[in-house]
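Since the structure is predicted, the reported quantities are computational estimates derived from the model, not experimental observations. All values below were derived from every heavy atom in this structure, side-chain atoms included, with hydrogens, water molecules and symmetry-related copies excluded.
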Amino acid sequence: QVQVVESGGGLVQAGGSLRLSCAASGSIFRANVMGWYRQAPGKQRELVATITSIGSTNYADSVKVRFTISRDNAKNTVYLQMNSLKPEDTAVYYCNVGFSHLPRTYWGQGTQVTVSS
């Protein structure tokens, strides 16, 4: 059973920082692409950032420079360092993990990030 568990969300003032963590467990395979997505109420879930097993990254234009995605391959864990947070960053943030030899990706339960003005 693959489990994907996020942590680190919370309430922060505009301009502040949060660090999200996501740990994947329960698979004999090593994680391939890992990523963060977010969804605000009434909006579509959108890509925030992804990172490959060798460290190649992609970011949404709205978070580039402010956010940094990283990973620890030994722990199958992905992180999202969020700096200079804005109220428009408020959303539920979801972790997504793919494995090299599994036919689907796995989602975490989500962690709420709320940025107050």
Side-chain angles (χ1 to χ4, degrees):
Q1 310 166 36
V2 174
Q3 294 185 71
V4 178
V5 181
E6 304 101 330
S7 62
L11 175 64
V12 66
Q13 292 186 353
S17 298
L18 285 173
R19 178 176 158 94
L20 306 183
S21 298
C22 169
S25 63
S27 175
I28 64 171
F29 304 111
R30 300 197 183 282
N32 189 7
V33 178
M34 307 180 82
W36 290 96
Y37 296 73
R38 66 186 182 187
Q39 187 168 26
K43 296 184 178 180
Q44 293 271 77
R45 188 171 298 186
E46 64 176 351
L47 171 71
V48 176
T50 61
I51 184 167
T52 71
S53 61
I54 60 170
S56 296
T57 58
N58 282 309
Y59 296 91
D61 288 342
S62 59
V63 307
K64 195 169 298 183
V65 177
R66 298 188 298 119
F67 291 9
T68 301
I69 188 169
S70 61
R71 64 189 287 163
D72 184 334
N73 288 332
K75 297 180 179 180
N76 274 350
T77 299
V78 62
Y79 307 93
L80 186 68
Q81 179 66 47
M82 305 185 293
N83 298 324
S84 301
L85 283 162
K86 305 174 180 179
E88 49 263 49
D89 294 318
T90 295
V92 177
Y93 283 69
Y94 296 92
C95 179
N96 183 259
V97 182
F99 298 89
S100 296
H101 301 103
L102 294 179
R104 57 161 289 192
T105 63
Y106 293 83
W107 292 93
Q109 80 289 346
T111 185
Q112 177 71 47
V113 172
T114 302
V115 184
S116 64
S117 58

Note to self: I'd like to know if Leu102 and Ile51 are part of one continuous hydrophobic network [Ile/Leu/Val/Met/Phe/Trp/Tyr, side-chain heavy atoms within less than 4.5 Å].
What the structure shows: yes

Note to self: Return the OG1 to CH2 distance between Thr50 and Trp36, rounded to the nearest 0.5 Å.
What the structure shows: 13.0 Å

Next item on the list: Kindly state each residue pair satisfying disulfide bond (SG atoms under 2.5 Å apart) with at least one member in residues 32-79, sequence neighbours excluded.
Entry: none

Check: Leu20 and Val12: same hydrophobic cluster, using ILVMFWY side-chain contacts below 4.5 Å?
Finding: yes

Margin query: Could you work out, with side-chain contact (heavy atoms from CB on, under 4.5 Å) as the rule, every residue matching Asn32, not counting sequence neighbours?
Written below: Ser53, Ser100

Item checked: Heavy-atom closest contact (Thr90 atom, Val115 atom, distance) -> OG1-N, 2.9 Å

Item checked: Counterpart residues, salt bridge (Lys or Arg N to Asp or Glu O under 4.0 Å), relative to Lys86 (two or more places apart) -> none

Check: For the atom pair CG (Leu18) and CD (Gln81), what is the distance rounded to the nearest 0.5 Å?
Finding: 8.5 Å

Next item on the list: State, to 0.1 Å, how close Ala14 and Ser117 come at their nearest heavy-atom pair, and which atoms those are.
Entry: CB-CA, 4.5 Å

Margin query: Strictly by ring pair (Phe, Tyr, Trp, His ring centres under 6.0 Å), give each pair with a member in residues 54-90 just once, sequence neighbours left out.
Written below: none

Notebook entry, point to check: Considering only heavy atoms from C-beta outward, does the side chain of Leu85 approach that of Gln13 to under 4.5 Å?
Noted result: no

Note to self: According to disulfide bond (SG atoms under 2.5 Å apart), does anything in residues 6-87 pair up with another residue at least two apart or in another chain? List the pairs.
What the structure shows: Cys22-Cys95

Next item on the list: Return the minimal non-hydrogen interatomic distance between Ala91 and Ala40, and the atom names on each side.
Entry: CB-N, 3.9 Å

Next item on the list: In sequence, state the C-alpha distance, the side-chain angles, and the governing distance for Val97 and Asn76, and then conclude on side chain to side chain contact (heavy atoms under 4.5 Å, CB included).
Entry: CA-CA 9 Å; Val97 182; Asn76 274 350; over 6 Å; no

Check: Got a second to check how far Thr57's OG1 is from Ile69's CD1, nearest 0.5 Å?
Finding: 8.0 Å

Item checked: Heavy-atom check, side chain of Leu80 versus side chain of Arg38, under 4.5 Å -> no

Notebook entry, point to check: Passes side chain to side chain contact (heavy atoms under 4.5 Å, CB included), Ser21 versus Lys75? Steps please.
Noted result: CA-CA 11 Å; Ser21 298; Lys75 297 180 179 180; over 6 Å; no

Next item on the list: Give the other cluster members for Tyr37, using side-chain heavy-atom distances under 4.5 Å between Ile, Leu, Val, Met, Phe, Trp and Tyr residues; answer none if it is isolated.
Entry: Leu47, Val92, Tyr94, Trp107

Next item on the list: Look at the side chain of Glu6 and the backbone N and O of Gly110, then say whether any donor-acceptor pair between them is shorter than 3.5 Å.
Entry: yes

Notebook entry, point to check: Arg71 side chain to Thr52 main-chain N or O, any donor-acceptor pair under 3.5 Å?
Noted result: yes

Notebook entry, point to check: Do Arg66 and Met82 come within less than 4.5 Å of each other through their side chains, counting heavy atoms only?
Noted result: no

Checklist line | Transitive ILVMFWY side-chain link Tyr93 to Val33, under 4.5 Å | finding: no

Notebook entry, point to check: Can you tell me how far the CZ atom of Arg19 sits from the CG atom of Asn83, to the nearest 0.5 Å?
Noted result: 11.0 Å

